[in-house]
Novice: 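Dropping the structure in here first, questions after.
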Amino acid sequence: NGATIQELVNGKNATVEGVEFSYQQSFDFLPGLLSNTGMTFNYTYSPSVKEGWEFAADGNDVPFNATAKNQSNLVLWYNDDRFEFRVAANYLDDRYDGQLASWTTDPLGTDNDEKILGGLDRWEDASLYVDLTSTYHINESVDINLNVQNLTEEGSYKYIHWSNFRSEYHAYERRITLGVNAKF
């Protein structure tokens with residue numbers, strides 16, 4: 001009753017195309033402890049375009065919906081009967097974040113007082129997040145878990161048009177969780 005529903009849509013002038021490469025390998029052919037290791041890797045290239053909707057300050061079309069042109073993930077892992085360990089690195093390229101709005105009155109020197117909305121493009125800088133996850137199986141009923149999110153305390157910068165014209169910084173601290181899981 002009376003709710004407003006908002007959904008993201010590509011629109012007729014927006015496209016997302018690209019290619020993704022993914023590789024997963026268990027290194028069980030290696031000797032000793034290394035036989036319990038492995039990796040998962042993927043890379044995505046997706047240059048989205050939002051033609052005719054908004055333009056960057058240099059006149060180029062901009063991507064839409066904060067899409068990163070380059071994105072990749074790498075997970076290295078170890079797994080045996082008692083211990084599991086994973087380290088994951090997640091990379092996102094610069095992401096478009098709309099325009100910095102500004103209002104000007106009568107910018108062309110005409111007699112009308114039309115207000116024009118315009119501004120410089122705003123971006124979120126590339127980021128690389130590293131997470132760790134580990135579990136030690138004491139027995140069939142009890143596990144000890146250690147998780148570390150954002151190991152390197154990666155933050156997030158936003159900039160306006162030029163990468164050295166930074167406008168915001170969001171600090172994200174490391175989060176460490178130690179827990180015990182028990183089955184009864």
Side-chain angles (χ1 to χ4, degrees), residues 3 5-10 14 16-48 62-98 121-160 163-184:
I5 298 173
Q6 295 180 340
E7 297 177 340
L8 292 175
V9 294
N10 287 350
V16 176
E17 296 176 357
V19 62
E20 181 173 28
F21 170 78
S22 183
Y23 179 77
Q24 184 169 332
Q25 177 71 54
S26 172
F27 299 134
D28 54 2
F29 55 87
L30 294 175
L33 291 176
L34 293 178
S35 67
N36 297 322
T37 62
M39 68 170 280
T40 302
F41 171 77
N42 76 354
Y43 169 75
T44 304
Y45 175 74
S46 58
S48 70
V62 296
F64 71 101
N65 294 343
T67 305
K69 183 186 272 188
N70 297 287
Q71 175 180 326
S72 62
N73 305 287
L74 173 66
V75 179
L76 301 175
W77 52 268
Y78 176 88
N79 190 25
D80 66 21
D81 292 337
R82 302 287 270 186
F83 185 66
E84 297 175 24
F85 177 80
R86 285 170 176 57
V87 59
N90 304 295
Y91 171 79
L92 284 171
D93 214 354
D94 293 8
R95 293 161 314 277
Y96 178 71
D97 191 33
D121 41 309
R122 186 175 45 211
W123 295 83
E124 187 163 349
D125 213 356
S127 56
L128 175 65
Y129 293 97
V130 178
D131 300 326
L132 301 172
T133 303
S134 62
T135 301
Y136 180 71
H137 305 288
I138 294 176
N139 56 43
E140 290 184 15
S141 300
V142 180
D143 293 336
I144 297 175
N145 304 300
L146 174 65
N147 298 309
V148 181
Q149 294 176 318
N150 198 13
L151 177 69
T152 58
E153 296 188 322
E154 177 81 1
S156 172
Y157 282 101
K158 289 194 177 184
Y159 63 90
I160 300 170
S163 61
N164 62 351
F165 185 19
R166 296 189 172 181
S167 61
E168 296 177 33
Y169 177 73
H170 298 266
Y172 303 117
E173 70 275 352
R174 178 183 308 120
R175 180 178 291 179
I176 301 171
T177 307
L178 179 63
V180 176
N181 291 343
K183 300 176 197 171
F184 298 100

Novice: How about NZ on Lys69, more than 12 heavy atoms from neighbouring residues, nucleotides or ligands closer than 6.0 Å, or not?
Specialist: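 Count not over threshold, so no.
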
Novice: To check you understand the geometry: which heavy-atom pair defines the closest contact between Arg166 and Asp125, and what is its length?
Specialist: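 Nearest heavy atoms, Arg166 then Asp125: NH2-OD2, 3.3 Å.
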
Novice: Give every residue pair that meets the ring-ring contact (aromatic ring centres under 6.0 Å, His included) criterion with at least one member in residues 72-91, sequence neighbours excluded.
Specialist: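 Applying ring-ring contact (aromatic ring centres under 6.0 Å, His included) to every pair that reaches into residues 72-91, excluding sequence neighbours, yields nothing.
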
Novice: Over 60° means perpendicular and under 30° means parallel, so tell me whether Tyr43 and Tyr45 are parallel, tilted or perpendicular.
Specialist: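 Parallel, since the angle between the ring planes stays under 30°.
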
Novice: Under the side chain to side chain donor-acceptor pair (under 3.5 Å) test, which residues partner Ser35, sequence neighbours left out?
Specialist: none

Novice: Please tell me if the side chains of Phe27 and Met39 come closer than 4.5 Å, counting only heavy atoms from C-beta onward.
Specialist: yes

Novice: Among all residues two or more places apart in sequence or in another chain, which pass the side chain to side chain donor-acceptor pair (under 3.5 Å) test with Tyr172?
Specialist: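 With neighbours one apart ignored, the set is empty.
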
Novice: Given Ser156, which of Glu124, Arg95, Glu168, His170 fulfils the side chain to side chain donor-acceptor pair (under 3.5 Å) condition?
Specialist: Glu124

Novice: Within this structure, what is the CD1-CZ distance for the pair Ile160 and Phe165, rounded to the nearest 0.5 Å?
Specialist: 4.5 Å

Novice: List the residues meeting side chain to side chain donor-acceptor pair (under 3.5 Å) with Asn42, not counting sequence neighbours, and say none if there are none.
Specialist: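 Asn42 satisfies side chain to side chain donor-acceptor pair (under 3.5 Å) with Glu20, Asn73 only.
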
Novice: Crowded around Asp81 CG? As in, over 12 foreign heavy atoms under 6.0 Å?
Specialist: no

Novice: Which heavy atom of Phe41 sits nearest a heavy atom of Ser72, and at what distance?
Specialist: CE1-CB, 4.3 Å

Novice: Report yes if the side chains of Thr152 and Leu128 come closer than 4.5 Å at any heavy-atom pair, otherwise no.
Specialist: no

Novice: Would you say that Ile144 contacts Leu178 through its side chain, given a criterion of any heavy-atom pair below 4.5 Å between the two side chains?
Specialist: yes

Novice: State, to 0.1 Å, how close Ser127 and Glu154 come at their nearest heavy-atom pair, and which atoms those are.
Specialist: CA-OE2, 3.5 Å

Novice: From Ile138 CD1 over to Glu140 CD, what is the distance, rounded to the nearest 0.5 angstrom?
Specialist: 13.5 Å

Novice: Would you compute the distance between atom CG of Asn147 and atom CZ of Arg175 and round it to the nearest 0.5 angstrom?
Specialist: 11.0 Å

Novice: Okay, side chain of Arg174, backbone of Leu151: is any donor-acceptor separation there less than 3.5 Å?
Specialist: yes

Novice: State, with a plain yes or no, whether a side-chain heavy atom of Val142 is found less than 4.5 Å away from one of Val180.
Specialist: yes

Novice: Given the rule in the side-chain contact (heavy atoms from CB on, under 4.5 Å) test, do Leu74 and Val87 qualify, once you have shown the distances and angles that lead to the verdict?
Specialist: CA-CA 8 Å; Leu74 173 66; Val87 59; over 6 Å; no

Novice: So how far is it from Glu84 CD to Asn36 CG, rounded to the nearest 0.5 Å?
Specialist: 11.0 Å

Novice: For Gln71, check side chain to side chain donor-acceptor pair (under 3.5 Å) against everything at least two apart and list the hits.
Specialist: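 Gln71 satisfies side chain to side chain donor-acceptor pair (under 3.5 Å) with no residue once adjacent residues are dropped.
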
Novice: Who pairs with Asp143 by side-chain contact (heavy atoms from CB on, under 4.5 Å), at least two apart in sequence or on another chain?
Specialist: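 Asp143 satisfies side-chain contact (heavy atoms from CB on, under 4.5 Å) with Thr135, His137, Asn145, Asn181 once adjacent residues are dropped.
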
Novice: Under the side chain to side chain donor-acceptor pair (under 3.5 Å) test against Tyr159, which residue among Asp121, Asn164, Asp94 passes?
Specialist: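 By the side chain to side chain donor-acceptor pair (under 3.5 Å) criterion, Tyr159 pairs with just one of Asp121, Asn164, Asp94: Asp94.
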
Novice: Quick one: CG on Leu34 to CG on Asp28, what's the gap to the nearest 0.5 Å?
Specialist: 12.0 Å

Novice: Atom OG in Ser46, atom CG in Asn70: separation rounded to 0.5 Å?
Specialist: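 One gets 8.0 Å once the value is rounded to the nearest 0.5 Å.
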
Novice: Heavy atoms only: give me the nearest Gly18-Pro47 pair and the separation to one decimal.
Specialist: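 Result for this residue pair: CA-CD, 4.4 Å.
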
Novice: I want to check something: taking the side chain as every heavy atom from C-beta on, are Glu173 and Asn150 in contact at a cut-off of under 4.5 Å?
Specialist: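 They are not in contact (no side-chain heavy atoms under 4.5 Å apart), so the answer is no.
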
